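It should be emphasised that the depicted structure is a prediction, and the values quoted were computed from it without experimental measurement.
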Amino acid sequence: MIPPQNQANGNKPPFDDRPLIIAINGQLGYAVVLAVVAYWIWPTDPRWYGFGLMSIMMGAAAAALILRSFGQMVKIHRRNQFWKLQKPRGNAPKNARLASDDDMRRGGMK
């Protein structure tokens with residue numbers, strides 16, 4: 001797991017889900033288009049069996065895209081649940097006092 005970078009409290013995940021959500025929606029839209037075209041080109045006459053093969057392949061591709069999209073949705077949900085469970089685990093950050101001139105002299109830095 002990649003540790004959070006540049007986070008003040010470490011409770012927020014170091015990634016943004018919006019591009020993934022847009023990609024998933026695009027995959028689902030493409031799957032719908034493939035399924036509609038597969039249904040549309042299904043032949044009614046056995047002489048056009050080639051369209052039947054294309055329709056079966058498009059339907060299989062649509063099903064594969066839908067399964068892949070759902071897999072990605074589950075992955076995002078699990079990751080968000082992980083960060084939700086990690087959120088209450090740490091103490092709140094505390095402000096550190098600045099070093100004074102006396103502290104610097106005692107440390108041999110001045």
Check: Got a sec, which pairs hit side-chain hydrogen bond (donor to acceptor under 3.5 Å, both in side chains) with one end in residues 60-78, sequence neighbours left out?
Finding: Q27-S69

According to the salt bridge (charged side-chain N to carboxylate O under 4.0 Å, His left out) rule, which pairs have a member within [range], sequence neighbours left out?
range: residues 37-60; value: D45-R47
range: residues 27-42; value: none
range: residues 17-26; value: D16-R18, D17-R79

Next item on the list: Quick one: list whatever passes side-chain contact (heavy atoms from CB on, under 4.5 Å) with R105, sequence neighbours left out.
Entry: D101, D102, K110

Next item on the list: List in chain and number order the residues that pass side-chain hydrogen bond (donor to acceptor under 3.5 Å, both in side chains) with N95, two or more places apart in sequence or in another chain; answer none if no residue qualifies.
Entry: none

Next item on the list: For D103, check side-chain hydrogen bond (donor to acceptor under 3.5 Å, both in side chains) against everything at least two apart and list the hits.
Entry: R97, S100, R106

Next item on the list: Treating Ile, Leu, Val, Met, Phe, Trp and Tyr as nodes and any side-chain heavy-atom pair under 4.5 angstrom as an edge, say whether Y49 and Y39 lie in one connected cluster.
Entry: no

Margin query: Count I, L, V, M, F, W, Y as connected when their side-chain heavy atoms are under 4.5 Å apart, and connections chain through other members. Are V74 and F82 then in the same cluster?
Written below: no

Other than [X], which residues form its hydrophobic cluster under the rule that side-chain heavy atoms must be closer than 4.5 Å?
X: L67; answer: none
X: I66; answer: L20, I24, L28, F70, M73, I76
X: I22; answer: none
X: L85; answer: none

Give every donor-acceptor pair under 3.5 Å between a side-chain atom in residues 54-65 and any protein atom, sequence neighbours left out.
residue	atom	partner	partner atom	Å
S55	OG	A38	O	2.5

